[in-house]
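Not measured: the values here are computed from a predicted model. Heads up: numbering here begins at 1 and tracks the sequence.
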Amino acid sequence: MTGTRDDAELLVFRFFTEVGIIDQLATTALERMLPKGITSAQFAILNHFVRLDLDVRSPAELADVMQVTRATMSSTLKRMEMHGLIRVEQDPEDGRAKLVRLSQKGRDVREACVSKAGALASPMLKTHDQAQLIELTESLHEIRQALERLR
């Protein structure tokens with residue numbers, strides 16, 4: 001028996017409600033693990049560089065990826081630069097533009113945070129085995145890709 005369109009829409013709404021709550025809980029747990037003065041937004045930028053193995057990004061590209069305004073990104077990058085997590089340089093091809101590079105300290109802070117996040121593994125593995133987590137992660141990856149195509 002198949003459900004109605006209303007059932008499917010409610011299911012999708014419930015799914016995104018759960019994802020939103022998981023995001024809030026995971027962000028709170030992550031923030032407890034971050035070094036003093038480092039925010040979850042700053043960690044997201046560090047993680048972006050490492051996850052995609054990037055050398056350089058413009059502030060505008062980072063603002064777009066993080067879905068924040070350029071002013072918000074500029075403020076975040078200034079604080080990150082003060083902490084030595086990134087370097088902001090002039091673009092050699094366009095003197096008016098800036099480029100952002102991840103510093104070794106930024107890479108080290110990100111790795112330390114990821115290691116600390118291992119504490120989240122134990123409760124997760126009590127309810128799901130590794131194969132289930134791999135399957136869930138792959139499904140979430142596909143959903144993220146579909147949503148990114150809508151941007």
| task | Test Asp64 against Glu61 for side-chain contact (heavy atoms from CB on, under 4.5 Å), laying out the working first. | result | CA-CA 5 Å; Asp64 183 53; Glu61 289 170 323; 5.7 Å; no
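A continuous path of hydrophobic side-chain contacts links Ile86 to Leu54 [ILVMFWY only; heavy atoms under 4.5 Å]. Following chains of ILVMFWY side-chain contacts shorter than 4.5 Å, one can reach Leu30 starting from Val114, so the two form part of one hydrophobic cluster. Residue Val65 is not grouped with residue Leu150 when hydrophobic side chains (ILVMFWY) are merged at heavy-atom distances under 4.5 angstrom, including chains of intermediate members. Connection of Val88 to Val68 is established within a shared hydrophobic cluster, with ILVMFWY side chains joined at heavy-atom distances below 4.5 Å, either directly or through further cluster members.
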Less than 3.5 Å apart, which donor and acceptor atoms pair up between the side chains of residues 45-52 and the rest of the protein, not counting sequence neighbours?
unit_1 : atom_1 : unit_2 : atom_2 : d
Asn47  : OD1    : Arg110 : NE     : 2.9
Asn47  : OD1    : Arg110 : NH2    : 2.7
His48  : NE2    : Arg57  : NE     : 3.4

N/O donor to acceptor pairs below 3.5 angstrom from side-chain atoms of residues 102-109, sequence neighbours left out:
unit_1 : atom_1 : unit_2 : atom_2 : d
Ser103 : OG     : Gly84  : O      : 2.5
Ser103 : OG     : Leu85  : O      : 2.9
Ser103 : OG     : Lys105 : N      : 3.4
Ser103 : OG     : Gly106 : N      : 3.0
Gln104 : NE2    : Asp108 : OD1    : 2.8
Lys105 : NZ     : His83  : O      : 2.8

In residues 9-16, what donor-acceptor pairs under 3.5 Å come from side-chain atoms, sequence neighbours left out?
unit_1 : atom_1 : unit_2 : atom_2 : d
Glu9   : OE2    : Arg5   : NE     : 2.7
Glu9   : OE2    : Arg5   : NH2    : 3.2

Could you pull out all donor-acceptor pairs under 3.5 Å where a side-chain atom in residues 92-101 meets a protein atom, sequence neighbours excluded?
unit_1 : atom_1 : unit_2 : atom_2 : d
Asp94  : OD1    : Arg96  : N      : 3.1
Asp94  : OD1    : Arg96  : NE     : 3.3
Lys98  : NZ     : Gln90  : OE1    : 2.6
Arg101 : NE     : Glu89  : OE1    : 2.7
Arg101 : NE     : Glu89  : OE2    : 3.4

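Interatomic distance, CD1 of Ile22 versus OG1 of Thr27, reported as 11.5 Å (0.5 Å rounding). In this structure, the separation between NE2 on His128 and CG on Leu136 is 5.5 Å, given to the nearest 0.5 Å. With values rounded to the nearest 0.5 angstrom, Arg144 atom CZ is found 13.0 Å from Ser139 atom OG.
With sequence neighbours left out, Thr72 forms a side chain to side chain donor-acceptor pair (under 3.5 Å) with Thr69.
Residue Ile21 belongs to a hydrophobic cluster whose other members are Leu25, with links defined by side-chain heavy atoms closer than 4.5 Å.
Within a 6.0 Å radius of CD in Glu135, other residues, nucleotides and ligands contribute 12 heavy atoms or fewer. Atom CZ of Arg32 sits in a sparse spot, with 12 or fewer heavy atoms from other residues, nucleotides or ligands closer than 6.0 Å. More than 12 heavy-atom neighbours from other residues, nucleotides or ligands sit within 6.0 angstrom of CZ on Arg87.
Contact check for Thr39 versus Glu31: no side-chain heavy atoms found under the 4.5 Å cut-off.
Gln132 places a side-chain N or O within donor-acceptor distance of the main-chain N or O of Asp129, the cut-off being under 3.5 Å.
Smallest separation of non-hydrogen atoms from Pro59 and Met73: O-CG, 3.6 Å.
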